[in-house]
Visitor: 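Provided herewith is a single structure, encoded as structure tokens, for subsequent inquiry.
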Amino acid sequence: MISNSEVASHLAELARLATLEEGSSNAFRVRAYETAARTVELLDTPVADMSAKELAALRGVGPSTAAKIRELVDTGRMARLEELRVMFPAAFVELTRIPGVGPKTAVMLRDELHINDVEGLKAALDAQLLRGLPGMGAKTEENIRTAVERLGIGGKERRTPIQDALAVARDVVAALSAVPGVIRVEPMGSLRRFRETIGDIDVIVVSTGDPEDVMRRFVDLPVVREVVGYGARKSAVLSASGMQIDLRVMEPSQFGAAAIYFTGSKAHNIRLRQMAIERGWILNEYALAESEGGAVIASDTEERVYAALGLPWIPTEIREDTGEIEAALASELPDLVADKHLRGDLHVHTSLSGDGQESLEKMLAACAARGYAYVAITDHGEDLTINGATRQQLLAQRRRVAKLQDQYPDMTILQGAELNIGPDGSVDYDPEFLAGLDFGVASVHSSFTLDRTNQTARVIAAMRNPAVNVIGHLTGRRIGHRPGIDLDVDAVLSAAEETGCALEINGHLDRLDAPADVLRHARERDVVFSIDSDAHDTRELANVANAVRNARRGWVERKRVVNTWTAKQFVRWVEGTRGG
DNA sequence: GCCGTTTTCGGCCCGACTGTTTTCAGTCG
């Protein structure tokens, strides 16, 4: 049976190719396909089980798209998509990845110069054929030549892991904060929404001084390799690593409208602007204002702009037009977990792990300093041969923990381990030894290439193990480096409901695992989570803030997170899950 | 292609920048 995400990716491709046919990504047909793709992607009911009539009742899906979905489900094909694939082969579509080449230009290049791929474009550039086309001159030709040469480093679809983008953004923010007159510098866009990968870094500078000072300072930053746009209030540059950084300078009174606008997502903003129009208003990056006369209704804070539209402030992580507007209108926004709710950390390493950097004593002191009511010390199990702790080492640690517990009357210390889930679902040590531990996190650290059936079976077997309270970094992915293991997410969520085993939300920026889309799908299920740092030194304990933001993206509510519970509730859950 | 307390047709989000044009089209976000 075809999955919803496969159907959604067909619809997304339909939108991409329709862009070429329509000549614009803003064409209504294109937007309709995009909306339909988003709706299907997020739906919990399999579309394969739905009638055309039921499909057409979904938001953004009408009779035409419903028929296309049914056709795909029934025949495995979508005739319209196949026609478009013939009209626009992949090598031709590749042309639109070049910055500056949109659908109109690509089609003109083919119609006028018979260019069908990037190689053909290069030849035409060498022959200086582009400058003879309508609306094109030598300058445009040169711009396209430059863009082709750096395809792969600055292409439109290039995305950077959030870990790398955050580092670049931090430097830009620090440098621009020092410019005279600047009172505020904030990263916006997908960085503020905390997506796993970032396209461009968007930054707003609020300044009471001369905006041109900010712009000059911006394009002179050491990180800047090339200036790709330069205006009085808006500029764009490419960083040394090829990331695009967009900068806007705004007045203090515009900050709220600007923050909403530049945070996005685009789909979220479109919904807000539609709501503004219904009221006879207009919403842009400067203000929410009356269409007639332009009297400003709200602009200085996000809260005021949302409130004027009849909405509560919407958390940045869920601004994707995937149901948050409807929830806000119905006063049913989720009670998202926040940093201040955390009462403990359930995945902490010490120097007993080969890759742990600091002593048990230091890690506990740092946890206590964070105000935790409980903590689980979870060094690697022995099956991780280069990093794991032996039984003797764990027993010795257990005695040390017992002594240290006296120093922390307000913090319950659980001594456990991060167990390794073997390819067959077994974990380290033997059941008798494991029963002597207080807590168990079980994680996949090997055999990443098993098929879905086997991966799913091993994870579920670990969940059913009475020594396991939490499944660590569910998919094992490393963002930008390694894909996650192939899992039947539905089956895993069912096992989590059945066993009470928590799914970890890991705070390492290259993990953010379980991924937000998995968390979102767990929303309708009776699943609990743990928000963990997976710290290997005291500094990394702060990683929980990353996990919190990823949890919020996945609509995870406070009540679902076991380490927001009181010590009493938490210990009851631990005891309930241990021993099955 | 979708949608409707302006409902079955006529709308559909908004603006900066660039390069090419003397008023605008294309691209981008």
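To find a chain, count down the sequence lines: A is the first, B the second, and so on, and within it residues start at 1. Below, each value reflects all heavy atoms present in this structure, side chains not excepted, and no hydrogens, waters or symmetry copies.
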Visitor: Round to a whole Å and report the spacing from CD of Gln274(A) to P of dG10(B).
Guide: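 Going from Gln274(A) (CD) to dG10(B) (P), I get 20 Å.
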
Visitor: Closest approach of Asp200(A) and Ser190(A), non-hydrogen atoms and distance?
Guide: O-OG, 4.4 Å

Visitor: Between Arg225(A) (side chain only) and Val237(A) (backbone N and O only), is there a donor and an acceptor less than 3.5 Å apart?
Guide: no

Visitor: Over how many whole Å does the gap from Asn26(A) atom CG to dG1(B) atom P extend?
Guide: 17 Å

Visitor: Choose from dC2(B), dA16(B), dG29(B) the nucleotide whose nearest atom is closest to any side-chain atom of Arg248(A).
Guide: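 Nearest to the side chain of Arg248(A) among the choices is dA16(B).
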
Visitor: Taking the side chain of Ile282(A) as its heavy atoms from C-beta onward, which of dC14(B), dC28(B), dA16(B) lies nearest to it?
Guide: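 Of dC14(B), dC28(B), dA16(B), dC14(B) is nearest to the side chain of Ile282(A).
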
Visitor: Over all strands shown, is Leu58(A) touching base, sugar-phosphate only, or nothing at heavy-atom distances under 4.0 angstrom?
Guide: sugar-phosphate

Visitor: If each of Val228(A) and Lys68(A) is mapped to the nucleotide of DNA chain B with the nearest heavy atom, which maps nearer the 5' terminus, i.e. the 5' end?
Guide: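 Upstream on the strand: Lys68(A).
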
Visitor: Of the nucleotides dA16(B), dC12(B), dG29(B), which one has an atom closest to the side chain of Arg31(A)?
Guide: dC12(B)

Visitor: Within the distance-only criterion (no hydrogens, no angle test), does the side chain of Asp335(A) pair as donor or acceptor with the backbone N or O of Glu557(A) below 3.5 angstrom?
Guide: no

Visitor: Please evaluate the base of dG15(B) for a donor-acceptor partner in the side chain of Tyr261(A) within a cut-off of under 3.5 Å?
Guide: no

Visitor: Determine the interatomic distance between P on dG1(B) and the same-named atom on dT5(B); round to the nearest Å.
Guide: 23 Å

Visitor: Please state the P separation for the pair dT21(B) and dA16(B) - nearest whole angstrom.
Guide: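 After rounding to an integer number of Å, I get 24 Å for this pair.
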
Visitor: May I have the distance from Arg29(A) (atom CZ) to dG10(B) (atom P), rounded to whole angstrom?
Guide: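 Result: 18 Å.
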
Visitor: Suppose you measure atom C1' in dT8(B) against the same atom in dG4(B); what distance do you get, rounded to whole Å?
Guide: 9 Å

Visitor: Roughly how many Å is it from OH in Tyr286(A) to C1' in dC14(B), rounded to a whole number?
Guide: 10 Å

Visitor: Measure the distance from CD1 on Ile69(A) to C1' on dC2(B) and round it to the nearest whole Å.
Guide: 13 Å

Visitor: How about Tyr286(A) and Val296(A): do any of their side-chain heavy atoms sit closer than 4.5 Å?
Guide: no

Visitor: Quickly work out the Arg271(A) CZ to dC2(B) P distance and round it to whole Å.
Guide: 16 Å

Visitor: If the P atom of dC12(B) is compared with that of dT7(B), how far apart are they to the nearest Å?
Guide: 16 Å

Visitor: What integer number of Å spans the P atoms of dT20(B) and dG26(B)?
Guide: 14 Å

Visitor: Which of the following nucleotides, dG1(B), dG29(B), dA16(B), is nearest to the side chain of Lys234(A)?
Guide: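 Within the option list, the nearest is dA16(B).
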
Visitor: Looking at Arg478(A), is its backbone amide N or carbonyl O close enough to the side chain of His481(A) to form a donor-acceptor pair, meaning the two atoms are under 3.5 Å apart?
Guide: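 No, because the side chain of His481(A) does not come within donor-acceptor range (under 3.5 Å) of the backbone of Arg478(A).
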
Visitor: Hey, does the side chain of Arg552(A) reach the backbone of Arg193(A) with a donor-acceptor pair shorter than 3.5 angstrom?
Guide: no

Visitor: DNA chain B: Asn284(A) or Asp200(A), which has the more 5' nearest nucleotide?
Guide: Asn284(A)

Visitor: Who is the Watson-Crick or G-U wobble partner of dG15(B), with both distances under 3.5 Å?
Guide: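 Base-paired to dC28(B).
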
Visitor: Return yes if some donor-acceptor pair links the side-chain N/O of Ser291(A) with the main-chain N/O of Gly280(A) below 3.5 Å, else return no.
Guide: yes

Visitor: Using the rule given for salt bridge (charged side-chain N to carboxylate O under 4.0 Å, His left out), can you reason through Glu186(A) versus Arg184(A), listing the C-alpha separation, both sets of side-chain angles and the distance that settles it, and then say yes or no?
Guide: CA-CA 7 Å; Glu186(A) 305 268 356; Arg184(A) 193 163 186 178; 3.1 Å; yes

Visitor: Check every strand shown and say whether Ala287(A) touches a base, only sugar-phosphate, or nothing at a heavy-atom separation below 4.0 Å.
Guide: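 Ala287(A): no heavy atom of the nucleic acid under 4.0 Å.
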
Visitor: Remember a base hit wins even if backbone is also touched, and classify Val61(A) as base, sugar-phosphate or nothing at under 4.0 Å, heavy atoms.
Guide: sugar-phosphate

Visitor: Verify, without hydrogens or angle tests, whether Thr96(A) (side chain) and Val93(A) (backbone) share a donor-acceptor contact under 3.5 angstrom.
Guide: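 Checked: pair present.
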
Visitor: In whole Å, what separates the P atom of dT23(B) from that of dC17(B)?
Guide: 22 Å

Visitor: Take the protein atom CG of Leu272(A) and the nucleotide atom C1' of dC12(B), then report the distance between them rounded to whole Å.
Guide: 16 Å

Visitor: Return the value, rounded to whole Å, for the distance between atom CD of Glu212(A) and atom P of dA16(B).
Guide: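 The answer, rounded to whole Å, is 15 Å.
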
Visitor: For a quick check, with a 4.0 angstrom heavy-atom cut-off, what is the B/S/- contact string for nucleotides 19-26 of chain B, read 5' to 3'?
Guide: SS-----S

